[in-house]
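Report on the following structure.
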Amino acid sequence: MFNVENIRKDFPILQRKVNGKPLVYFDNAATGQTPQLVIDVIANYYQNYNSNIHRGVHSLSQEATDAYEASRKIIQNHFNAKEAYEIILTSGTTHSINLVANGFRTLLTKGDEIIVSAMEHHSNIVPWQMLCEATGAELKVIPMNIEGELVLSNYDNILSDKTKLVFVNHISNALGTINPIKTIIKKAHLFGAAVLIDGAQACPHLIPDVQDLDVDFYVASAHKMCGPTGVGMLYGKEEWLKKLPPYQGGGEMIAEVSFNKTTYADLPHKFEAGTPNIAGVIAFGAAINYMNSIGFKAIEVYENELLDYATTQLLGIDGLTIYGTSKNKTSVISFNLDGIHPYDVGTLLDKMGIAVRTGHHCAQPIMDFYNIPGTIRASFAFYNTKEEIDNLVEGVKKAQLMLQ
Ligand code: PMP
């Protein structure tokens with residue numbers, strides 16, 4: 001049974017005050033909060049079995065290796081990957097995307113095309129631009145409409161035999177739009193193009209089934225899923241991961257090294273050079289288990305209630321505009337007040353203990369599309385409450401009065 005008051009007790013940070021007021025944390029699209037249980041997993045690692053993985057015969061190293069590999073299994077099961085070695089452990093979404101983009105340098109040539117959407121995070125734009133510069137491939141963009149939805153008829157027009165890769169986020173971190181990724185993947189496959197889905201914003205809210213989606217690559221970050229920062233995952237279909245060259249060279253990723261020739265380890269180690277964030281990976285698994293113990297269905301229902309409530313309340317404020325009004329959206333409200341800079345509103349809200357984000361949210365093309373410098377973004381998680389939304393609405397009204 002979903003009980004938000006009990007859930008809030010799991011998160012020590014939610015008990016603190018900011019500027020003398022109880023913290024209202026609405027910056028979940030930047031990073032989520034961490035339950036005590038996950039913090040304990042990190043402490044337990046350092047207190048009891050801190051050791052390097054995969055190469056020790058001693059007990060500590062084996063315990064650490066077992067816990068690390070158990071986490072890979074948890075992630076595999078959660079995303080329904082066919083094989084554990086199709087899960088590559090990385091430092092986060094950005095690292096995962098760069099790993100794939102770098103690998104495609106060997107597979108693309110001039111004349112090839114890659115497609116991104118108009119509502120990507122910079123981490124899903126810049127690596128592809130660098131890939132285009134390195135290979136001579138051309139970048140095409142699926143445009144969006146005023147509601148903040150991708151225009152799929154336009155996607156049909158730019159897809160062709162030249163398309164080699166398509167990159168779209170599952171849910172936009174700036175607008176909250178849930179993109180129709182299954183359709184996007186299916187259409188790309190008709191032309192033999194591979195698809196990478198950026199799931200950083202989606203994974204705190206839903207469970208992607210990578211086999212059902214038939215997606216080639218899917219990436220996410222632990223810190224948005226109740227886990228620690230600096231850890232993430234790349235799912236890749238075995239056939240693609242085998243085709244891509246290693247991203248970084250170093251220890252752990254080799255089979256044999258000599259000065260004449262080095263051979264690489266099998267999947268997944270080929271992509272995991274060096275000592276990873278061992279405690280972080282183990283905590284990532286614990287965070288996924290924690291979220292599943294609450295249940296993603298219950299999380300979805302509750303967060304949709306919060307979103308509807310907040311949307312209605314905020315729209316009651318004169319001069320407030322919400323960007324991203326698709327019916328298919330979740331947990332993010334980006335808005336502005338007429339004639340007032342978002343940064344000023346964010347600063348005043350902070351004085352009231354309310355954490356929102358202001359600016360372009362690493363998605364500058366979206367701001368250019370709406371012709372605005374940025375937005376105020378309130379993003380919700382399952383541990384937020386309607387009372388906190390009431391505080392936000394009151395805070396925005398006060399800020400409007402003070403800044404008008
Ligand atoms: N893509 C999206 C949609 C995101 O929301 C984020 C994080 N805000 C990223 C990519 C980048 O994730 P990270 O900084 O953890 O690499």
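Counting starts at 1 for both ligands and their atoms, following the listed order. Predicted, not measured: the structure shown is a model, and the values here were computed from it.
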Listed by chain and number, what are the side-chain hydrogen bond (donor to acceptor under 3.5 Å, both in side chains) partners of Asn3, not counting sequence neighbours?
none
Residue set satisfying ring-ring contact (aromatic ring centres under 6.0 Å, His included) with Phe382, at least two apart, ordered chain then number -> none
Can you list the atoms of ligand 1 that are under 4.0 Å from a heavy atom of Ser123?
1 (N), 9 (C), 10 (C), 11 (C)
Could you check whether His360 and His122 have their ring centres less than 6.0 Å apart?
yes
So for His223 against ligand 1, with non-hydrogen atoms under 4.0 Å, the contacting part is side chain
For Trp240 together with Phe104, are the ring centres under 6.0 Å from each other?
yes
Looking only at protein heavy atoms, identify the closest one to atom 3 (C) of ligand 1 and say how far it is in Å.
Asp198 OD2, 3.5 Å
Can you establish whether the number of heavy atoms outside Arg357 located under 6.0 Å from its atom CZ is more than 12?
no
One finds that the ligand 1 atoms under 4.0 Å from a non-hydrogen atom of Ser221 are 12 (O), 13 (P), 15 (O), 16 (O)
Would a distance-only check, ignoring hydrogens and angles, find a side-chain to backbone donor-acceptor pair under 3.5 Å from Ser326 to Asn328?
yes
Are any of the N/O atoms on Lys224, whether in the backbone or the side chain, positioned under 3.5 angstrom from an N/O atom of ligand 1?
yes
May I ask whether Ala29 places a heavy atom under 4.0 Å from ligand 1?
yes
Students should be able to answer this: which protein heavy-atom is nearest to atom 16 (O) of ligand 1, and at what distance?
Thr94 OG1, 2.6 Å
For ligand 1, which atoms sit closer than 4.0 Å to a heavy atom of Thr93?
10 (C), 12 (O), 16 (O)
